[in-house]
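Down below is the structure, laid out as structure tokens.
Whatever order the structure lists them in is the order used to number ligands and atoms, beginning at 1. Numbering of residues begins at 1 and proceeds along the displayed sequence.
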Amino acid sequence: MAEQTLFTKIINHEIPADIRYQDDDVTVFADINPRAKVHLLVVPTKAIASINDLTDDDALLVGKLVLTAKKMAEDLGIAADGYRLIFNVGRHGGQAVPHIHLHLLGGEPLGFGGFATKAASK
Ligand code: AMP
């Protein structure tokens, strides 16, 4: 069996996380290193490594990730003021965990480029 990703372990409650929502397809938990007042990760149960690995069969799932993020923003009361949704992809995109995840950032005005690193900007 392939080795589980860090996020699969969180989804399976094998390691602790601040889980805010969970159903069969998706889990939402707080980012351990928040870059904004609200910083949640919306993660599919299906451990797809990156956006590069999506197929047409995943269209509904990707839609569900976005709609789940939208609902979380509404439930948290940050939707009207706006927020940011980010998929980091691969090395240049700054993706650290090879299991697709949608960052939901908000709750305060956001600067641009909060995820930029020196290495990534070369
Ligand atoms: P990315 O750079 O797009 O792959 O984002 C990975 C995110 O996962 C980073 O923002 C990390 O802070 C976050 N992260 C890493 N480990 C954990 C964890 N155990 N629980 C919650 N978030 C985590």
(message) A side-chain contact here means heavy atoms from C-beta on lying under 4.5 Å apart; do I19 and V28 qualify?
(response) no
(message) Please classify the I10 to ligand 1 contact at 4.0 Å (heavy-atom distances, strictly less than): side chain, backbone, both or neither.
(response) side chain
(message) Could you check whether any heavy atom of G94 sits closer than 4.0 Å to an atom of ligand 1, since that is the contact criterion I want to use?
(response) yes
(request) Output the list of atoms in ligand 1 that are nearer than 4.0 Å to some heavy atom of N33, sorted by atom number. (result) 12 (O)
(request) Could you tell me whether K46 and D58 make a salt bridge, using a distance below 4.0 angstrom between a side-chain N and a carboxylate O? (result) yes
(message) I want to know whether F29 and Y21 have ring centres closer than 6.0 Å.
(response) no
(request) Give me the one residue out of L54, V62, L61 that meets side-chain contact (heavy atoms from CB on, under 4.5 Å) with I100. (result) L54
(request) May I ask you to check whether L6 has an N/O atom sitting below 3.5 Å from an N/O atom of ligand 1? (result) no
(request) Report yes or no: does A30 have a heavy atom closer than 4.0 Å to ligand 1? (result) yes
(message) For ligand 1 and Q95, I'd like to know whether there is a polar contact (N/O to N/O, distance under 3.5 Å).
(response) no
(request) Could you tell me whether ligand 1 has any atom less than 4.0 Å away from a heavy atom of F87? (result) no
(request) Could you pull out all residues at least two apart from N33 that satisfy side-chain contact (heavy atoms from CB on, under 4.5 Å)? (result) D31, R35
(message) Below the 3.5 angstrom mark, is there an N/O of V97, backbone or side chain, next to an N/O of ligand 1?
(response) yes
(request) Identify, with sequence neighbours excluded, every residue that meets side chain to side chain donor-acceptor pair (under 3.5 Å) alongside S50. (result) none
(message) Counting C-beta onward and ignoring hydrogens, is there a side-chain heavy-atom pair between I10 and N12 closer than 4.5 Å?
(response) no
(message) Hydrogens and angles aside, do Q4 and H99 bring a side-chain donor and acceptor to less than 3.5 Å of each other?
(response) no
(message) One residue to check: A96. Relative to ligand 1, which of side chain, backbone, both or neither has a non-hydrogen atom less than 4.0 Å away?
(response) both
(request) Measure up the H101 and F7 rings against each other and bin them: parallel (under 30°), tilted (30 to 60°), perpendicular (over 60°). (result) perpendicular
(request) Pick one of side chain, backbone, both or neither for how I86 approaches ligand 1, counting any non-hydrogen atom pair under 4.0 Å. (result) neither
(request) Only heavy atoms count here, so choose which of H101, H99, R35, K9 is nearest to atom 3 (O) of ligand 1. (result) H101
(message) Which of the numbered atoms in ligand 1 are under 4.0 angstrom from any heavy atom belonging to N88?
(response) 1 (P), 2 (O), 3 (O)
(request) Number the atoms of ligand 1 from 1 as they appear, then name those within less than 4.0 Å of a heavy atom of L41, with their elements. (result) 8 (O), 13 (C), 22 (N)
(request) Pull out every atom of ligand 1 sitting under 4.0 Å from any heavy atom of F7, numbered as shown with elements. (result) 8 (O)
